[in-house]
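Here the structure comes first, spelled out in structure tokens, and everything after it is commentary.
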Amino acid sequence: MQESATSKIIRATFRVGFLLCVPALVAWVSGRPFIFPSLGPSAFVLVLDDKGQVTGARVIGGHLIGLAGGIVAYHLLADGLGLTHFPSSRSLDLLRLAASGIVSVMLTTAGMLAAKLEHPPACATTLIVSLGLLSSWWDAVFIMVAVALMYGVHRVASPSMPG
């Protein structure tokens, strides 16, 4: 019997929420950034991957590449700046942040393509880092732990999926 469109939507919606529960709970308990914007798109692609193309290597490796691109761009171009207080228009600080964002996405794109670890949500991770939102070395650790936790929940909840 084929599943109805409505039940597929409901199932996917709850699975996405479920994948985000562990990093969100860890963030709540620890007060640290174990949940951040690019986890949502990662959960979404994991849940909707019916061809087994979203592997652990792509998810974890893509985010790691994005993180590296963001850290490099931020610390070379915009160290000490951040979007928590938006710089003035036409200021050097805003130009440095914009350049950091652009360079980080370029580095991430090149890195993912070269490594054959394409994971589009990692381009959001690189922007989060390169724009100074989560750009410390500890933030980098929290980001990767959160990605690994979410992927681990996915694997445990969907053991028959390739990856």
Side-chain angles (χ1 to χ4, degrees), residues 9 11-49 53-87 93-113 115 117-158 163:
I9 292 169
R11 186 172 50 85
T13 300
F14 280 97
R15 284 189 65 210
V16 165
F18 178 71
L19 291 183
L20 295 172
C21 281
V22 171
L25 181 61
V26 173
W28 179 67
V29 169
S30 70
R32 302 305 304 175
F34 284 97
I35 190 158
F36 46 90
S38 54
L39 277 185
S42 288
F44 182 83
V45 299
L46 280 168
V47 166
L48 295 181
D49 178 35
Q53 295 176 328
V54 184
T55 64
R58 280 190 168 182
V59 173
I60 294 168
H63 280 286
L64 185 60
I65 291 166
L67 181 62
I71 289 278
V72 167
Y74 179 77
H75 288 284
L76 286 177
L77 299 169
D79 198 19
L81 300 175
L83 287 183
T84 54
H85 176 71
F86 205 73
D93 286 350
L94 186 54
L95 182 61
R96 288 173 53 208
L97 273 172
S100 178
I102 293 166
V103 169
S104 73
V105 175
M106 292 172 68
L107 290 172
T108 298
T109 300
M112 287 191 300
L113 291 174
L117 294 174
E118 298 90 351
H119 185 62
C123 287
T125 297
T126 204
L127 283 171
I128 290 164
V129 175
S130 67
L131 296 175
L133 299 171
L134 292 173
S135 54
S136 77
W137 297 105
W138 278 113
D139 292 334
V141 170
F142 298 135
I143 287 169
M144 289 314 301
V145 169
V147 169
L149 279 172
M150 185 190 67
Y151 187 76
V153 168
H154 168 70
R155 293 296 296 154
V156 168
S158 308

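Just so you know, residue 1 is the first one in the sequence shown, and it goes up from there.
Residues Arg58 and Met112 fail the side-chain proximity criterion, which asks for heavy atoms closer than 4.5 Å. Contact of the Leu97 side chain with the Pro87 side chain is registered, since non-hydrogen atoms from C-beta on lie closer than 4.5 Å. The closest side-chain heavy-atom distance from Leu94 to Phe86 is below 4.5 Å. Put simply, the side chain of Ile71 reaches to within 4.5 Å of the side chain of Trp137, judged on heavy atoms. Counting heavy atoms from C-beta on, the side chains of Leu39 and Pro23 come closer than 4.5 Å.
When atom types are taken as modelled, the side chain of Thr126 and the backbone of Gly70 share a donor-acceptor pair closer than 3.5 angstrom. Tyr74 contributes a side-chain N or O that, together with a main-chain N or O of Gly80, makes up a donor-acceptor pair within less than 3.5 Å.
Between Leu48 and Ala12 the shortest heavy-atom distance is CD2-CB, 4.1 Å. In this structure, Ala124 and Ser38 approach most closely via the heavy-atom pair CB-CB, 3.6 Å. Residues His119 and Val59 approach most closely at CE1-CG2, 3.8 Å, considering heavy atoms. Listed here is the closest heavy atom pair of Leu77 and Arg96: O-NE, 2.8 Å.
Atom-to-atom distance recorded for Ser130:OG and Leu81:CG is 11.5 Å, nearest 0.5 angstrom.
In this structure Arg11 satisfies the side-chain hydrogen bond (donor to acceptor under 3.5 Å, both in side chains) test together with Glu3, sequence neighbours excluded.
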Donor-acceptor contacts, no H, no angles, side chain residues 139-150, under 3.5 Å, sequence neighbours left out:
residue : atom : partner : partner atom : Å
Asp139  : OD2  : Ser135  : N            : 3.2
Asp139  : OD2  : Ser136  : N            : 3.2
Asp139  : OD2  : Ser136  : OG           : 3.1

Under 3.5 Å, which donor-acceptor pairs link side chains of residues 60-68 to any protein atom two or more places apart or in another chain?
residue : atom : partner : partner atom : Å
His63   : ND1  : Thr125  : OG1          : 2.7
His63   : NE2  : Ser42   : OG           : 2.7

